[in-house]
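Below is one structure; the comments refer to it alone.
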Amino acid sequence: MATDIEHLPPTPSKPPRNRTHWLYILVIIGVFAGIAVGLLAPAFGKEVAFLGSMFVSLIKMMIAPVIFCTIVIGIGSVRKAATVGKVGGLAFVYFLAMSTAALAIGLLVGNLLKPGTGLDFKPDPGKGAELADKAHESGGTIDFLQGIIPDTLVSALTSGQVLQALFVALLVGFAIQALGKDGEPILTAVSYFQKLVFKVLAMVLWTAPIGAFGAIAGVVSQTGWSAVRELAVFVLAFYATCIVFVFVVLGLLLRFVTGFSVFRLARYLAREYLLIVATSSSEPALPSLIAKMEHMGVNTSTVGIVVPTGYSFNLDGTAIYLTMASLFVADAAGDPMSFGEQLGLLLFMIIASKGAAGVTGAGLATLAGGLQAHRPDLLDGVAVVVGVDRFMSEARALTNFSGNAVGTLLIGKWTQTLDTDRADRVLRGEIPFELSQAGTTANTRT
């Protein structure tokens with residue numbers, strides 16, 4: 001009997017249950033509950049708005065360690081530094097091209113629809129100047145570049161500055177790479193730390209329904225629906241432009257280069273889209289995007305370079321908004337921009353949009369800065385779009401996020417750091433994503 005039992009095949013262990021679908025449902029419930037509270041009890045909605053801010057703060061505290069671990073492991077695991085340089089150079093060229101295309105599309109749609117024509121607004125003196133001052137607080141390009149260098153090596157991980165964390169991670173990654181075998185123990189330690197970071201992140205994400213409820217309740221209670229009705233044409237035109245850009249421009253590019261469907265990619269990133277809608281910012285979804293791109297089969301080093309850099313330099317939604325909003329303000333004031341002024345605005349925004357790093361309100365401040373530089377007489381007209389800017393920030397953040405997801409896959413394909421077979425299986429649902437296991441699969445493929 002004992003012999004028979006010993007020869008019995010082992011009982012297969014049950015795979016861990018995927019409970020993330022409950023998170024989707026709870027986030028949706030939180031969003032609708034927030035809308036209801038904001039409309040029916042606006043005073044209470046304003047009081048609970050801090051819940052959304054607290055959730056965003058929880059996510060932001062994870063961004064620097066996630067970026068640091070991903071880049072250090074990615075670069076430290078690559079023997080040839082030229083591979084990193086190739087990915088970074090190609091990413092920069094792609095980001096510049098797509099941002100310029102997005103700005104041009106915004107100008108095209110703005111000129112065709114002219115949504116601001118006939119709107120007789122009363123400027124709010126001083127409001128535009130206040131926002132422009134906010135846009136120029138950094139002191140310009142020189143201060144922006146100087147700000148990339150942190151005060152200390154460790155402060156880059158505690159200051160909350162994405163580019164500083166990226167800079168230090170690059171230095172550490174190349175240093176480990178140069179150490180050779182002596183750097184392997186350090187790389188192993190960072191790998192264990194990455195597992196811990198993603199485990200904490202998985203715990204934090206379960207507070208998303210509460211954060212969604214507070215954020216949506218606060219927005220609806222403070223802004224109301226009157227501002228949306230007054231600027232409905234502008235808002236709908238902007239949303240329609242973003243949809244066309246994501247599902248037509250990016251979709252065709254993704255299909256042509258990789259053969260993947262943008263609709264399947266959107267379904268794969270559904271949870272991240274819900275987080276973005278709830279918080280009006282693409283930053284809370286950054287750690288999950290890194291994990292999901294690695295899960296799809298993109299090399300860790302590619303993900304570690306493209307995704308964090310894209311969050312500062314590949315803001316397609318913000319680019320569309322900047323040009324459309326500028327034309328809207330000019331048309332609403334009864335003084336449309338000439339072709340020369342639009343061309344100058346386009347060139348200016350190519351640079352200015354790189355500083356609007358996906359944070360709620362950054363697009364509005366950059367808009368004011370652009371108008372101040374090219375049409376100071378329209379500066380006070382920025383107050384016209386303040387009422388609906390928060391509603392439009394969802395579309396900006398969603399488009400920015402989609403552009404970075406597509407860009408990561410494209411650059412992975414061009415640099416041959418994408419496992420296309422695995423990516424196709426993931427998009428088809430054959431290999432489900434588990435955040436608790438994030439980092440493990442990608443690291444073993446590096």
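Please read these numbers as outputs of a predicted model, since none were measured by experiment. Below, all heavy atoms of this structure are taken into account, side chains as well, without hydrogens, waters or symmetry copies.
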Short side-chain to backbone donor-acceptor contact, Ser288 and Ala285, under 3.5 Å: no
Pairwise side-chain contact, Leu90 with Tyr94, heavy-atom cut-off 4.5 Å (strictly under): no
Distance, nearest 0.5 Å, that separates OG1 of Thr318 from CG of Leu315: 4.5 Å
Can you establish whether the number of heavy atoms outside Ile210 located under 6.0 Å from its atom CD1 is more than 12? no
Do Leu409 and Lys413 touch side chain to side chain, with heavy atoms closer than 4.5 Å? no
Closest heavy-atom pair, Cys69 versus Phe193, reported as atoms and distance to 0.1 Å, is SG-CD2, 3.2 Å
CG/Leu286 to CD/Glu272 distance, rounded to the nearest 0.5 angstrom? 10.5 Å
Which value, rounded to the nearest 0.5 Å, describes the distance between Leu107 atom CG and Leu343 atom CG? 9.0 Å
Heavy atoms, side chains only, cut-off 4.5 Å: are Val172 and Val168 in contact? yes
Considering only heavy atoms from C-beta outward, does the side chain of Ile431 approach that of Met296 to under 4.5 Å? no
Would you mind reporting whether Thr302 and Val307 have side-chain heavy atoms less than 4.5 Å apart? no
OG1-CD1 distance between Thr300 and Ile290, expressed to the nearest 0.5 angstrom: 10.5 Å
Closer than 3.5 angstrom, by distance alone: can the side chain of Lys292 be matched with the main-chain N or O of Tyr268 as a donor-acceptor pair? yes
Can you tell me how far the OG1 atom of Thr415 sits from the CG atom of Asn299, to the nearest 0.5 Å? 8.0 Å
Could you pull out the closest heavy-atom pair between Ala91 and Val306, with the gap in Å? CB-CG2, 4.3 Å
Check whether any side-chain heavy atom of Phe68 sits under 4.5 Å from a side-chain heavy atom of Gln194, and report yes or no. no
Heavy-atom count check: over 12 atoms from other residues, nucleotides or ligands less than 6.0 Å from Glu430 CD? yes
Glu294 side, atom CD; Asp419 side, atom CG - distance, nearest 0.5 Å: 13.5 Å
What are the two closest non-hydrogen atoms of Ala319 and Ala102, and how far apart are they? CB-CB, 3.8 Å
Any side-chain to backbone donor/acceptor pair from Asp316 onto Asn400? Under 3.5 Å, distance only. no
Distance-only criterion, 3.5 Å: show the donor-acceptor pairs between side-chain atoms of residues 240-266 and protein atoms not counting sequence neighbours.
{"from": "Thr241", "atom 1": "OG1", "to": "Ala237", "atom 2": "O", "distance (Å)": "2.7"}
{"from": "Arg255", "atom 1": "NH1", "to": "Gly259", "atom 2": "O", "distance (Å)": "2.9"}
{"from": "Thr258", "atom 1": "OG1", "to": "Leu254", "atom 2": "O", "distance (Å)": "2.6"}
{"from": "Thr258", "atom 1": "OG1", "to": "Phe260", "atom 2": "N", "distance (Å)": "3.2"}
{"from": "Ser261", "atom 1": "OG", "to": "Phe263", "atom 2": "N", "distance (Å)": "3.2"}

Salt bridge between Arg425 and Asp421, side-chain N to carboxylate O under 4.0 Å? no
Are Asn314 and Met98 side-chain neighbours, meaning at least one heavy-atom pair lies under 4.5 Å? yes
If I compare all heavy atoms of Phe234 with all of Ala325, which pair ends up nearest, and what's the gap? CZ-CA, 3.7 Å
With Arg267, which residues qualify under salt bridge (charged side-chain N to carboxylate O under 4.0 Å, His left out), at least two apart? none
Determine yes or no for a side-chain-to-main-chain donor-acceptor pair under 3.5 angstrom, with Thr323 supplying the side chain and Leu103 the backbone. yes
Can you name the side chain to side chain donor-acceptor pair (under 3.5 Å) partners of Tyr273, sequence neighbours left out? Ser402
Side chain proximity check, Val426 to Phe433, heavy atoms < 4.5 angstrom: no
